[in-house]
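Everything below concerns the one structure shown next.
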Amino acid sequence: MFAIPTAIDPTASELSHATTAAFFDIARDEVFRLETKRMWLRWPHHTDAANIASWAGLAEVADMTATWPIDVTDTNVRQRIATARAENSSGTAMRFVMVNKDQPTYAMGQIGIVGHANGTGHVGYHLDPACNGLGLMTEALTRVVEIAGHVSGLTQLDAGVRLINPASRRVLEKCGFVHVGQGISTSAFRGDMPVDQFEHLLPQRRRLAWAA
Ligand SMILES: CC(C)(COP(=O)(O)OP(=O)(O)OC[C@H]1O[C@@H](n2cnc3c(N)ncnc32)[C@H](O)[C@@H]1OP(=O)(O)O)[C@@H](O)C(=O)NCCC(=O)NCCS
């Protein structure tokens, strides 16, 4: 067992990596968005706050994360959105809201990668439970991993999943993450939590281009 200093999900961390290199240059402007078969993955908007708070603070959702409190307030989500947008601008993170193409103003989930100085990106996500079981997170994460491999300066991704969260573990496995062990994630809201740890190596494409 080893300690995992980072949060289980990066959708709400503080802007603590301001000195980290910009890993996501192409994603630093709000115009950047990703398309999947059913969804747009776009920057979070300030107007998403009440919508996200309505499901992110449910116990069944928040308890699976390290950084979200149960009953999170609209005000707190607004602050998190401001932080997420600042991190996207700095290129240290790539955080998206997941919206259905048919319902583009309804933020049904969030997914993101936070880059760290050692070149590892920490992955996190959460979804409105009304949308569970439709393959949406697998669809979103597949695209996010693909784009991280193409345009980021990261060498690998990692993720931590509570042992009581087989659905999230399955999502990671379906997206090519490999189980590498167990550790402890320390959460301000949940204390010390045993987690399964996963990794995904990224292709060398961008680094080779830089070297050329
Ligand atoms: C976990 C979560 C992301 C899953 O999102 P989703 O869109 O429902 O996931 P998908 O439909 O893409 O895939 C879920 C997979 O888990 C499986 N699954 C669901 N519940 C399961 C369970 N109790 N045991 C085992 N597998 C389970 C599904 O069958 C599916 O696998 P399959 O395609 O092989 O059948 C979502 O429920 C969520 O956000 N939960 C709360 C927050 C959270 O857990 N965040 C992640 C923190 S690490």
Side-chain angles (χ1 to χ4, degrees), residues 4 6-14 36 38-85 87-88 93-114 122-144 159-175 177 183-198:
I4 299 172
T6 52
I8 253 182
D9 73 306
T11 51
S13 74
E14 293 171 9
T36 73
R38 291 176 285 180
M39 291 175 280
W40 290 110
L41 310 181
R42 61 156 171 80
W43 274 39
H45 296 163
H46 299 293
T47 48
D48 294 325
N51 175 191
I52 292 171
S54 72
W55 52 262
L58 297 173
E60 66 185 284
V61 180
D63 266 345
M64 295 302 146
T65 75
T67 54
W68 286 77
I70 293 172
D71 292 334
V72 67
T73 62
D74 295 7
T75 303
N76 185 251
V77 177
R78 271 198 297 278
Q79 292 163 351
R80 290 165 183 265
I81 289 171
T83 300
R85 293 175 63 89
E87 290 182 328
N88 281 355
M94 194 166 66
R95 299 173 182 273
F96 299 111
V97 153
M98 300 161 54
V99 297
N100 192 305
K101 285 177 180 170
D102 296 333
Q103 211 177 349
T105 57
Y106 182 70
M108 62 181 166
Q110 295 197 100
I111 185 165
I113 301 174
V114 173
H122 191 68
V123 172
Y125 43 76
H126 55 176
L127 184 69
D128 179 346
C131 303
N132 275 350
L134 301 173
L136 289 166
M137 198 55 79
T138 301
E139 186 175 317
L141 183 59
T142 298
R143 189 78 180 104
V144 166
V161 180
R162 293 192 73 177
L163 307 188
I164 56 172
N165 194 355
S168 182
R169 182 185 168 117
R170 180 78 188 118
V171 168
L172 290 168
E173 289 169 348
K174 285 193 289 180
C175 294
F177 283 73
I184 299 293
S185 174
T186 301
S187 162
F189 302 108
R190 309 218 144 89
D192 287 350
M193 304 180 294
V195 293
D196 279 316
Q197 213 182 20
F198 288 82

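Remark: F177 CZ to S168 OG distance equals 10.0 Å, nearest 0.5 Å. A distance of 8.5 Å separates CG of N132 from CE of M137, quoted to the nearest 0.5 Å. I70 contributes atom CD1, which lies 10.5 Å from atom CD of E60 (distance to the nearest 0.5 angstrom). How far CE of M108 is from CZ of R38: 7.5 Å, rounded to the nearest 0.5 Å. Distance OG1/T67 to CZ/R190: 8.0 Å, rounded to 0.5 Å. Going from atom CD1 of I113 over to atom CZ of F96 covers 8.0 Å, rounded to the nearest 0.5 Å.
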**Item:** Working for side chain to side chain contact (heavy atoms under 4.5 Å, CB included), residues L127 and M98
**Value:** CA-CA 9 Å; L127 184 69; M98 300 161 54; 3.9 Å; yes
**Request:** Mind running side chain to side chain contact (heavy atoms under 4.5 Å, CB included) on R80 and V72 for me, showing each step along the way?
**Result:** CA-CA 11 Å; R80 290 165 183 265; V72 67; 4.3 Å; yes
**W68 vs V61, side chain to side chain contact (heavy atoms under 4.5 Å, CB included): CA-CA, chis, key distance, verdict** = CA-CA 9 Å; W68 286 77; V61 180; over 6 Å; no
**Request:** Please step through side chain to side chain contact (heavy atoms under 4.5 Å, CB included) for the pair V123 and V144, ending with a clear verdict.
**Result:** CA-CA 9 Å; V123 172; V144 166; 6.0 Å; no
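The main-chain N or O of T142 is never found under 3.5 Å from a side-chain atom of K174 such that the two would form a donor-acceptor pair. N51 places a side-chain N or O within 3.5 Å of a backbone atom of A107 that can act as its donor or acceptor partner.
Under 3.5 Å, the side chains of N165 and R169 contain no donor-acceptor pair of N or O atoms.
At most 12 non-hydrogen atoms from other residues, nucleotides or ligands lie less than 6.0 angstrom from CG of D71.
For E139 and R143, the salt-bridge test fails: no basic side-chain N is under 4.0 Å from an acidic carboxylate O.
Between L136 and M39, the closest side-chain pair of non-hydrogen atoms falls below 4.5 Å.
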